Visitor: 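One structure follows; several queries about it will come next.
Each chain gets a letter, A, B and so on, in the order its sequence line appears, and its residues count up from 1. Computed from a predicted structure; not experimentally measured.
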There are 2 protein chains.
Amino acid sequence: MNDEYQSPLLEAAVTELSRLPGIGRKTALRLALHLLRRDTAESDALGQAIIKMRHEIRYCSVCHNISESEVCGICGSDTRDRSTVCVVESVRDVMSIEATGQYKGLYHVLGGLISPIDGVSPDMLSIGSLVERVGAGGIKEVILALSATMEGDTTCFYLYRKLSPFSDLKVTQLARGMAVGNDLEYTDEITLGRSLMQRTLFSDTLR
Amino acid sequence: MNDEYQSPLLEAAVTELSRLPGIGRKTALRLALHLLRRDTAESDALGQAIIKMRHEIRYCSVCHNISESEVCGICGSDTRDRSTVCVVESVRDVMSIEATGQYKGLYHVLGGLISPIDGVSPDMLSIGSLVERVGAGGIKEVILALSATMEGDTTCFYLYRKLSPFSDLKVTQLARGMAVGNDLEYTDEITLGRSLMQRTLFSDTLR
């Protein structure tokens, strides 16, 4: 018997919960004790939802977004603009962009960013399948919607080089600038410089 | 299909995870996507540990601490001082006191504190079984180790009154005072007043 937790069963649950990101052993214990106080049905539902999700969710064979069938709902939709592909790092980013309601094209999920420090090389990302998709024709614009970090920039440059042989293809990236709601005073000089260079017509914001 | 999560399976897992205390839907999504990136074995282990723990953990019939048998390891131990019972609010508190390594007696877990605002009345707590334990004889001291809050104080007074018929019983409570490591400057005046009233011999700290 473990002295600290009084119970190997509790200890096992705490250990598994504390493997989750941002959850330490103290938080894990709080969660486990919470579940012990609740109905059996609640912990059954939680446990089964986790197991079922991991076993049954698949990835779209076209864009690598999560899906419950061979092709995801976005790739399979006939109301989306099939000539535009937005390249993102992760499934999370697809959700963020979908939440804006501003985008009606397709996606391509890379599954990460090139990062020599973390040992992520281009061949570990789904870059080959992006080039194939573009090569198959019909795509007019690829939007590089990656983080404004060193890894994001490195990946953008790499993708840009890989896509440059397609002479008719427009490769764009997300605008850099002041975040909405931010004080100019607290905006860093690189962002401010980019905001100046890429300034837009004020009349465009009124449309 | 839910637009936000792209998948009812993912949505179900997010919903269940976000029922946990302190975990909102954003954190729940982060946890679910983390699990999707990891091995199937990991989410199986997590899900099963939660289900198994909730189904198999029982409560000690003597002290109401968690247990995997009729009587918990502490109540069943022959090295603990059976004449002292420490009354605590929850299983968590048993762990905290065990972690100090300063206590060798038995416990009694109330399962809450008296709180008219939250609708917790004395009969919803395991107070009757505490009085029975004391009535059965052999217990010389009951330590009230409850929070220094209004609910804790109310419960202490109630227990003190319930235990007062046992004339030979010593009823004690945890010392109130400055927390170790705290600045005197930032200690509130009530705590400071109690620390003064209940001052201890400095020579005692040297033993």
Visitor: Do you know the tightest heavy-atom contact between A:Arg19 and B:His34?
Guide: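 Closest heavy-atom pair between A:Arg19 and B:His34: O-NE2, 3.9 Å.
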
Visitor: Are B:Glu68 and A:Pro8 side-chain neighbours, meaning at least one heavy-atom pair lies under 4.5 Å?
Guide: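 B:Glu68 reaches A:Pro8 side chain to side chain.
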
Visitor: Taking every non-hydrogen pair under 4.5 Å, which of A:Ala12, A:Gly111, A:Ala99, A:Ala32 racks up the most with chain B?
Guide: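 Of the candidates given, the most pairs with chain B belong to A:Ala32.
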
Visitor: How about A:Glu189: does its CD atom have over 12 heavy atoms from other parts shown lying under 6.0 Å from it?
Guide: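 Counting neighbours around CD of A:Glu189, 12 or fewer heavy atoms of other residues, nucleotides or ligands fall under 6.0 Å, so no.
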
Visitor: Heavy atoms only, distances under 4.5 angstrom: which of B:Leu36, B:Thr15, B:Leu20 has the most pairs with chain A? Name it, please.
Guide: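 Maximum pair count with chain A is reached by B:Leu36.
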
Visitor: Who in residues 38-64 of chain A is close to chain B, using a strict under-4.5 Å heavy-atom cut-off?
Guide: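 Within residues 38-64 of chain A, the residues that come under 4.5 Å of chain B (heavy atoms only) are A:Arg38, A:Asp39, A:Thr40, A:Glu42, A:Ser43, A:Asp44, A:Ala45, A:Leu46, A:Gly47, A:Gln48, A:Ala49, A:Ile50, A:Ile51, A:Lys52, A:Met53, A:Arg54, A:His55, A:Glu56, A:Ile57, A:Tyr59.
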
Visitor: Most heavy-atom pairs under 4.5 angstrom with chain B, which of A:Thr27, A:Leu31, A:Val91?
Guide: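 Greatest number of close heavy-atom pairs with chain B: A:Leu31.
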
Visitor: Does the side chain of A:Leu33 reach to within under 4.5 Å of the side chain of B:Ser90, using non-hydrogen atoms?
Guide: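 A side-chain contact is absent here, since even the closest heavy-atom pair is not under 4.5 Å.
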
Visitor: State whether the number of non-hydrogen atoms from other residues, nucleotides or ligands found under 6.0 Å of B:Asp168 atom CG is greater than 12.
Guide: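 Counting other residues, nucleotides and ligands, CG of B:Asp168 stays at 12 neighbours or fewer.
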
Visitor: For chain B, find which of A:Pro21, A:Ser67, A:Gly22 contributes the most heavy-atom pairs closer than 4.5 angstrom.
Guide: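 The option with the most such pairs is A:Pro21.
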
Visitor: After noting the C-alpha distance and the side-chain angles of B:Ile66 and A:Leu9, does the key distance pass the side chain to side chain contact (heavy atoms under 4.5 Å, CB included) rule?
Guide: CA-CA 10 Å; B:Ile66 53 168; A:Leu9 291 169; over 6 Å; no

Visitor: Are any of the side-chain heavy atoms of B:Met95 and A:Leu29 separated by less than 4.5 Å?
Guide: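 B:Met95 reaches A:Leu29 side chain to side chain.
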
